[in-house]
Each structure stands twice: as structure tokens, then as C-alpha cells.
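Below you'll find the structure, written out as C-alpha cells, and then a few comments.
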There are 2 protein chains.
Amino acid sequence: MSDKKVEKCGERCALQEILDVIGGKWSMSIIYALFSGKKRFSELERLIPGINTRMLVKELKNMEANGIITREVFATVPPTVEYTLTTKGEKLEASINELYKWGMEYVA
Amino acid sequence: MSDKKVEKCGERCALQEILDVIGGKWSMSIIYALFSGKKRFSELERLIPGINTRMLVKELKNMEANGIITREVFATVPPTVEYTLTTKGEKLEASINELYKWGMEYVA
DNA sequence: CGGAATCCTAAGCGATACTG
DNA sequence: CAGTATCGCTTAGGATTCCG
């Protein structure tokens with residue numbers, strides 16, 4: 001069914017893109033974890049308590065589709081996969097840190 | 001139905017609070033609209049194309065419960081209700097503007 | 001005007017078991 | 001290790017109607 005990717009639609013679309021990237025329950029946690037450098041799948045699973053395999057996979061795929069992370073596969077045994085933020089992804093750092101600070105400040 | 005409000009739970013909770021506030025489909029649009037000052041219900045409805053009554057009401061209630069907006073009722077005929085950002089709400093401006101810029105920059 | 005009530009569908013999310 | 005495949009539940013969200 002259709003490309004799933006948002007077409008050029010100007011201002012009103014920016015919010016959509018933002019939500020698609022950070023609106024998921026685990027999105028920000030994952031991005032946050034990747035700010036400190038590339039991580040393997042299992043590392044992310046450990047770093048993010050409460051997440052399950054399915055959601056991690058799903059979010060990672062979504063992020064890759066949105067161009068904010070890169071997936072690198074190494075043909076080792078056992079297999080190794082590393083996830084890294086793209087430039088686009090890194091540029092979220094300032095915003096997310098600000099949001100995070102806001103959240104911390106106001107969590108009663 | 002429990003209190004719906006998140007209890008003090010430290011760092012991991014900040015992200016939850018953030019998502020509860022800006023994670024809804026229309027949340028940021030509403031907050032955005034309120035950055036330019038207090039608005040009436042019907043104004044918000046006009047300013048945000050595509051939203052419907054139910055969702056606007058729902059989001060506004062949620063935001064009020066989260067302490068980011070204030071609801072003021074005037075006993076006029078016909079009734080008047082005005083919504084304003086609280087300080088907590090206003091402090092989101094920087095973050096959201098940053099996010100918005102990010103979105104605009106990367107909408108293909 | 002500013003909602004509340006109702007109904008309904010699509011999407012999000014969680015748990016677990018299985019596989020190359 | 002890094003996923004896929006199923007299943008089922010719970011929300012979010014949309015359309016519409018009614019009310020003080």
C-alpha cells in the first residue's frame with residue numbers, strides 16, 4: 001500500500017514527520033541511546049529496560065526508513081548488526097535534550 | 001480508572017511525560033497555536049485544519065490535566081472559553097520550535 | 001458556543017515462540 | 001545474535017449527533 005513516506009506537503013507536514021520519528025513509545029529512548037555512539041541490537045535491548053524484541057525491531061526499521069539511523073550488518077558468526085545515527089538523526093540531539101530537560105524539570 | 005497521572009519515577013518518566021504532552025496527533029499543533037496567545041475553542045478549531053471537535057476537546061483536557069494550559073470560562077451568552085499556556089507550557093516553546101525547524105529542514 | 005455521548009475502525013503495543 | 005511470525009488486547013483517532 002502506497003509509499004508510507006510523506007510527500008512534500010510543506011509546513012503542516014513537518015509535525016507529521018516529527019511525530020513519526022519521536023512519537024513512538026520507544027523512539028526517543030532509542031535515539032537517546034544512540035547519541036553516545038553506535039550500538040548493537042542486543043546492546044539496545046539491554047540499554048532500554050522494558051522494550052521487547054518486536055518493538056525494537058519495528059522502531060529501528062521505521063527510523064531507518066526515515067533516514068535517521070543506519071544499519072550495518074557484519075557477516076560474522078554469530079551475526080553482528082550495528083545501528084548508528086545519521087546526520088539527520090544527530091541533529092535531533094539538541095531538541096531532544098531540551099525536551100528531556102523540560103520533562104525532568106516538571107516531573108512532580 | 002486510576003489517576004492517569006504518572007507518579008514520581010525519576011529519569012525514565014520524563015520521556016513518558018513528554019510523550020503524553022506532545023505525542024498526540026494534534027498536541028503540537030495546539031500548543032503551537034497557543035504560543036501566539038490565548039485562544040477560544042472555536043478559534044483553535046479554525047486554526048487547526050482537519051481536527052474535529054472530539055479530538056480538540058480531548059487534547060485540551062489532557063493538556064489541562066498535565067498543567068500546560070489553563071481553561072477560563074466566561075458566563076456569557078453564548079458561552080466563551082479561553083485557553084492559555086501556563087508557564088510550564090510556555091517553556092516548551094524552545095524545544096518545539098527546534099523540532100519544527102528540524103522537521104522543516106528534512107521534509108524532502 | 002463549547003462541548004458530551006456514542007459508535008466504530010485502525011493502529012500501537014506486549015508476550016512469546018521460533019529461525020538462520 | 002538478530003531478528004520473524006502470531007496472536008490478542010488496548011488505545012488513539014475519526015464521524016456524527018445531541019445538549020445547556
Under 3.5 Å, is there a donor-acceptor pair between the A:Thr53 and A:Glu45 side chains?
yes
What is the distance from NZ of A:Lys61 to P of C:dC13, rounded to the nearest Å?
16 Å
Of residues 74-84 of chain B, the positions that come close to DNA chain C - non-hydrogen atoms, cut-off under 4.0 Å
B:Pro78, B:Pro79, B:Thr80, B:Val81, B:Tyr83
Ion pair B:Lys88/A:Glu105, N-O distance below 4.0 Å
no
Over how many whole Å does the gap from B:Met63 atom CE to D:dA12 atom P extend?
13 Å
To the nearest angstrom, the CD-C1' distance between A:Gln16 and D:dG13 comes to 12 Å
How close do A:Ala14 and B:Gly103 get, heavy atom to heavy atom, and via which atoms?
CB-C, 3.9 Å
Any residue of residues 41-60 of chain B with a heavy atom less than 4.0 Å from an atom of DNA chain C
B:Phe41, B:Ser42, B:Thr53, B:Arg54, B:Val57
Atom-to-atom span, CG of B:Asn62 to C1' of D:dG13 - whole angstrom:
14 Å
Rounded to whole angstrom units, what separation is found between the NZ atom of A:Lys25 and the P atom of C:dA15?
8 Å
How many whole angstroms separate atom NZ of A:Lys39 from atom P of D:dA2?
13 Å
Could you walk me through whether A:Leu99 and B:Ile22 pass the side-chain contact (heavy atoms from CB on, under 4.5 Å) check?
CA-CA 10 Å; A:Leu99 274 177; B:Ile22 67 163; 3.9 Å; yes
Measure the OG-CG distance between A:Ser27 and B:Leu19 for me, rounded to the nearest 0.5 Å.
7.5 Å
Starting at CG of A:Asp20 and ending at P of D:dA12, how long is that distance when rounded to a whole Å?
18 Å
For the pair made of CD1 in A:Ile22 and C1' in C:dG12, what is the distance, rounded to whole Å?
17 Å
Using only side-chain N and O atoms of B:Arg71, determine if any of them is under 4.0 Å from OP1 or OP2 of C:dG2.
no
Considering the options B:Lys38, B:Arg40, B:Glu43, B:Arg71, which one meets the side chain to side chain donor-acceptor pair (under 3.5 Å) requirement together with B:Tyr83?
B:Arg71
Grab the two heavy atoms, one from A:Gly50 and one from A:Trp26, that are nearest each other, plus how far apart they are.
C-CH2, 3.5 Å
So does B:Trp26 get a side-chain nitrogen or oxygen closer than 4.0 Å to the phosphate oxygens (OP1/OP2) of D:dA12?
no
Verify the distance criterion only: is there a donor paired with an acceptor across the side chains of A:Lys39 and A:Ser36 at less than 3.5 Å?
yes
B:Phe74 and B:Val81: side-chain contact (heavy atoms from CB on, under 4.5 Å), yes or no, with the steps?
CA-CA 6 Å; B:Phe74 301 92; B:Val81 181; over 6 Å; no
